[in-house]
Amino acid sequence: MEATSAKIAEELIKIKAVRLQPENPFTWASGWRSPVYCDNRLTLSYPALRALVTDALVALIRENYPHATGVAGVATAGIPQGALVADRLGLPYIYIRSEAKKHGMGNQIEGRLQPDLEYVVIEDLISTGGSSLAAVQALRAAGGRVAGVAAMFDYGFGHAAAAFGEAGVKCAALVGLDELLAKAVEIHYIQPVEMAVIQDWRQDPVAWTARFVDKPA
């Protein structure tokens, strides 16, 4: 799995899914500012990489959640990857919106939720863990059971790990930030000054964000 993770990290860099903007940081849904952003949705446009990621997620699930009997994608980026994984595993599939629709059936969970199944929740990346845990909560509130969360990328923040622990949810990811940065340095995608900024940010993203509160996004 380590070799596969390193390969995926390298491919993410090659297709420019990883972007660096230390001077004009990205704004996350949580409100945090970040000098680095990983757009895993780009992998869908590259068939060979798409298959590699799908195969790797399937292997990750079989290793960590062998008892999973259903797959649930998290809107929006986890929806297509979840569907690919469910198809490869031959398991029932649903996806979870961030909130219930305000028209039609008013569903938050699309597809047929089966209470007797244990769903592995597919997420594209873990930052604060908020969207993943909100999906888990919605699934449980609807009567579903959760085997765990499988993500393509994890920034590796301690508070996110703590939040998953408090919720009683296991989370496993294909690639972590350390692996991504190691590969970026190896192929000279990141310069020393950029690495220093990223390391400073990851130590305390809240304090780092505070430097930009009065600046344009």
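Remark: the backbone N or O of A196 is not paired with any side-chain donor or acceptor of D200 at under 3.5 angstrom. The main-chain N or O of G78 is never found under 3.5 Å from a side-chain atom of Q81 such that the two would form a donor-acceptor pair. A distance-only check finds no donor-acceptor pair linking the side chain of Y119 to the backbone of L113 [under 3.5 Å]. When atom types are taken as modelled, the side chain of R50 and the backbone of L44 share a donor-acceptor pair closer than 3.5 angstrom.
Remark: E118 CD to R145 CZ distance equals 4.5 Å, nearest 0.5 Å. The CD1 atom of I8 lies 12.5 Å from the CD1 atom of I13; values are rounded to the nearest 0.5 Å. In this structure, CG in L49 is found 10.5 Å from NZ in K14, a value given to the nearest 0.5 Å. With rounding to the nearest 0.5 Å, the separation of CD1 in I109 from CZ in R112 is 13.0 Å. Atoms CG and CD1, on L177 and I198 in that order, are 7.0 Å from each other to the nearest 0.5 Å. S5 contributes atom OG, which lies 8.0 Å from atom CG of L60 (distance to the nearest 0.5 angstrom).
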I'd like a table of donor-acceptor pairs (distance under 3.5 Å, sequence neighbours excluded) in which one partner is a side-chain atom from residues 151-160, with atom names and distances.
unit_1: D154; atom_1: OD1; unit_2: G156; atom_2: N; d: 2.8
unit_1: Y155; atom_1: OH; unit_2: C38; atom_2: N; d: 3.4

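Residues R202 and L181 form a side-chain contact, since some pair of their non-hydrogen atoms from C-beta on lies under 4.5 Å apart. Residues I79 and E110 form no side-chain contact, since every pair of their non-hydrogen atoms from C-beta on lies 4.5 Å or further apart. Taking the side chain as every heavy atom from C-beta outward, R33 and W208 approach each other to under 4.5 Å. Using a 4.5 Å cut-off on side-chain heavy atoms (C-beta onward), M195 and Q191 make no contact. Side-chain contact between V149 and F164 is present, with heavy atoms from C-beta onward closer than 4.5 Å. Using a 4.5 Å heavy-atom threshold, the side chains of L133 and Q137 count as separate. Residues L20 and P35 fail the side-chain proximity criterion, which asks for heavy atoms closer than 4.5 Å. A heavy-atom distance below 4.5 Å is not found between the side chains of T69 and V120.
V74 and L57 are not part of a single hydrophobic cluster, where members link through side-chain heavy atoms under 4.5 Å apart. Hydrophobic clustering places V175 together with V18 (ILVMFWY residues linked when any side-chain heavy atoms are closer than 4.5 Å, directly or through intermediates). One hydrophobic cluster, built from ILVMFWY side chains closer than 4.5 Å, cannot hold both L91 and V136; they sit in different ones. In this structure, V206 is a member of the same hydrophobic cluster as V197, with clusters built from ILVMFWY side-chain heavy atoms closer than 4.5 Å. L84 and I61 sit in two unconnected hydrophobic clusters of ILVMFWY residues. Membership requires side-chain heavy atoms under 4.5 Å apart, directly or through other members.
For A138 against Q108, the heavy-atom pair with the smallest separation is CB-NE2, 3.6 Å. The nearest pair of heavy atoms linking R140 to G168 is NH2-O, 3.7 Å. Of all heavy-atom pairs spanning A68 and A147, the tightest one is CB-CB, 4.2 Å. Between C171 and I126, the shortest heavy-atom contact is SG-CG1, 3.9 Å.
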Do T4 and L174 pass the side-chain contact (heavy atoms from CB on, under 4.5 Å) test, and can you show the C-alpha distance, the side-chain angles, and the key distance before you say yes or no? CA-CA 8 Å; T4 300; L174 293 179; over 6 Å; no
Would you please test E194 and V36 for side-chain contact (heavy atoms from CB on, under 4.5 Å) and show each step? CA-CA 10 Å; E194 293 172 318; V36 58; over 6 Å; no
Assess whether side-chain contact (heavy atoms from CB on, under 4.5 Å) is satisfied between L52 and K7, documenting all intermediate values. CA-CA 9 Å; L52 175 64; K7 177 62 175 175; 3.8 Å; yes
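A salt bridge is absent between E179 and K183: the closest approach of a Lys/Arg side-chain nitrogen to an acidic carboxylate oxygen does not fall below 4.0 angstrom.
Listed by chain and residue number, nothing satisfies the side-chain hydrogen bond (donor to acceptor under 3.5 Å, both in side chains) test with T43 (two or more places apart in sequence, or in another chain).
Ring centroid separation for the pair W201 and W28 comes in under the 6.0 Å cut-off.
Only one option out of N40, V53, L42 pairs with L12 in a side chain to side chain contact (heavy atoms under 4.5 Å, CB included); it is N40.
A donor-acceptor contact under 3.5 angstrom links the side chains of E123 and S132, judged on distance only. Between the side chains of Q21 and R19, at least one donor-acceptor pair of N or O atoms lies under 3.5 Å.
The cationic group of K170 lies under 6.0 Å from the six-membered ring centre of Y65 and within 45° of the ring axis, placing it in a cation-pi geometry.
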